[in-house]
Amino acid sequence: MGKKVVLGIGNLLMKDDGIGVHAIRALEGRLPQDVELVDGGTAGCDLLPYMMGAEKIIIIDALKGGEPPGAVYRLTPEDCGEQYLEGTISLHDLGILVVLHDLALLEEKTPSVVIIGIEPKEISWGMELTSDVEKSLPKVLELVEREIDRTDA
């Protein structure tokens with residue numbers, strides 16, 4: 001059984017963009033010991049070592065999907081299509097989908113990957129989340145806990 005990784009992505013200096021990192025901090029002590037929590041910040045390919053050998057990866061990030069601020073999305077890389085390889089779709093302008101593609105090239109077995117996206121209200125200077133996004137945090141944490149226990153993607 002491989003490791004399980006929960007990866008929070010975002011810039012804490014840009015309000016709602018930091019939701020992934022805020023979620024990682026809130027998850028500390030809530031998940032089983034075998035789950036690795038990673039504050040991915042704004043790293044790109046530097047995240048590969050944390051993902052290598054994983055059986056399951058859960059990524060938490062701000063995601064503009066057109067719903068009201070604080071809306072929570074659950075999707076897989078496949079839901080995003082193949083366009084990301086051309087740079088037309090990117091989560092957080094980080095290219096995390098490209099990083100996942102690189103991981104698949106390096107590993108013999110592709111891990112189960114779930115992306116939990118939270119619709120931001122404001123991405124501007126500031127370290128606090130907007131109230132709409134902060135209110136969604138308990139739902140995000142609950143969703144992560146359920147995903148950790150799931151046996152399918």
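Of the candidates L143, L27, V72, V114, L27 is the only one forming a side chain to side chain contact (heavy atoms under 4.5 Å, CB included) with I60.
In terms of heavy-atom proximity, K121 sits nearest to P69 at CB-CB, 3.4 Å. Scanning both residues, V6 and V35, for their nearest heavy atoms gives CG2-CG1, 3.7 Å. Across all their heavy atoms, E122 and S124 have their closest contact at OE2-OG, 2.8 Å. What you find for P111 and I57 is that their closest heavy atoms are CG-CD1, 3.8 Å.
Residues E128 and K15 are paired through a salt bridge, judged by an N-O separation under 4.0 Å between the basic side chain and the carboxylate.
A chain of hydrophobic side-chain contacts below 4.5 Å, direct or via other Ile, Leu, Val, Met, Phe, Trp or Tyr residues, connects M52 to V38. A single hydrophobic cluster is not seen to contain both L12 and W125; linkage of ILVMFWY side chains at heavy-atom distances under 4.5 Å, directly or through other members, places them apart. Cluster annotation: V21 and I115 are assigned to distinct hydrophobic clusters (Ile/Leu/Val/Met/Phe/Trp/Tyr, side-chain heavy-atom contacts under 4.5 Å, transitive). A continuous path of hydrophobic side-chain contacts links L75 to L100 [ILVMFWY only; heavy atoms under 4.5 Å]. Note on V133 and L141: same hydrophobic cluster, where clusters join Ile, Leu, Val, Met, Phe, Trp and Tyr whose side-chain heavy atoms are under 4.5 Å apart, directly or indirectly.
I58 contributes atom CD1, which lies 11.0 Å from atom CZ of R146 (distance to the nearest 0.5 angstrom). With rounding to the nearest 0.5 angstrom, the CD atom of E107 is 10.5 Å from the CE atom of M51.
Y73 places a side-chain N or O within donor-acceptor distance of the main-chain N or O of E67, the cut-off being under 3.5 Å. Judged by distance alone, with hydrogens and angles left aside, the side-chain atoms of D16 form no donor-acceptor pair with the main-chain N or O of A62 at under 3.5 Å. Using modelled atom types, no side-chain atom of K4 and backbone atom of D149 make a donor-acceptor pair closer than 3.5 Å. Checking side-chain atoms of E119 against main-chain N and O of G66 turns up a donor-acceptor pair under 3.5 Å.
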Check the pair T42, N11 against side-chain hydrogen bond (donor to acceptor under 3.5 Å, both in side chains), reporting the backbone distance first and the verdict last.
CA-CA 6 Å; T42 58; N11 185 339; 5.7 Å; no

Between L103 and L48, does a side-chain contact (heavy atoms from CB on, under 4.5 Å) hold up when you go through it step by step?
CA-CA 7 Å; L103 178 66; L48 274 172; 3.8 Å; yes

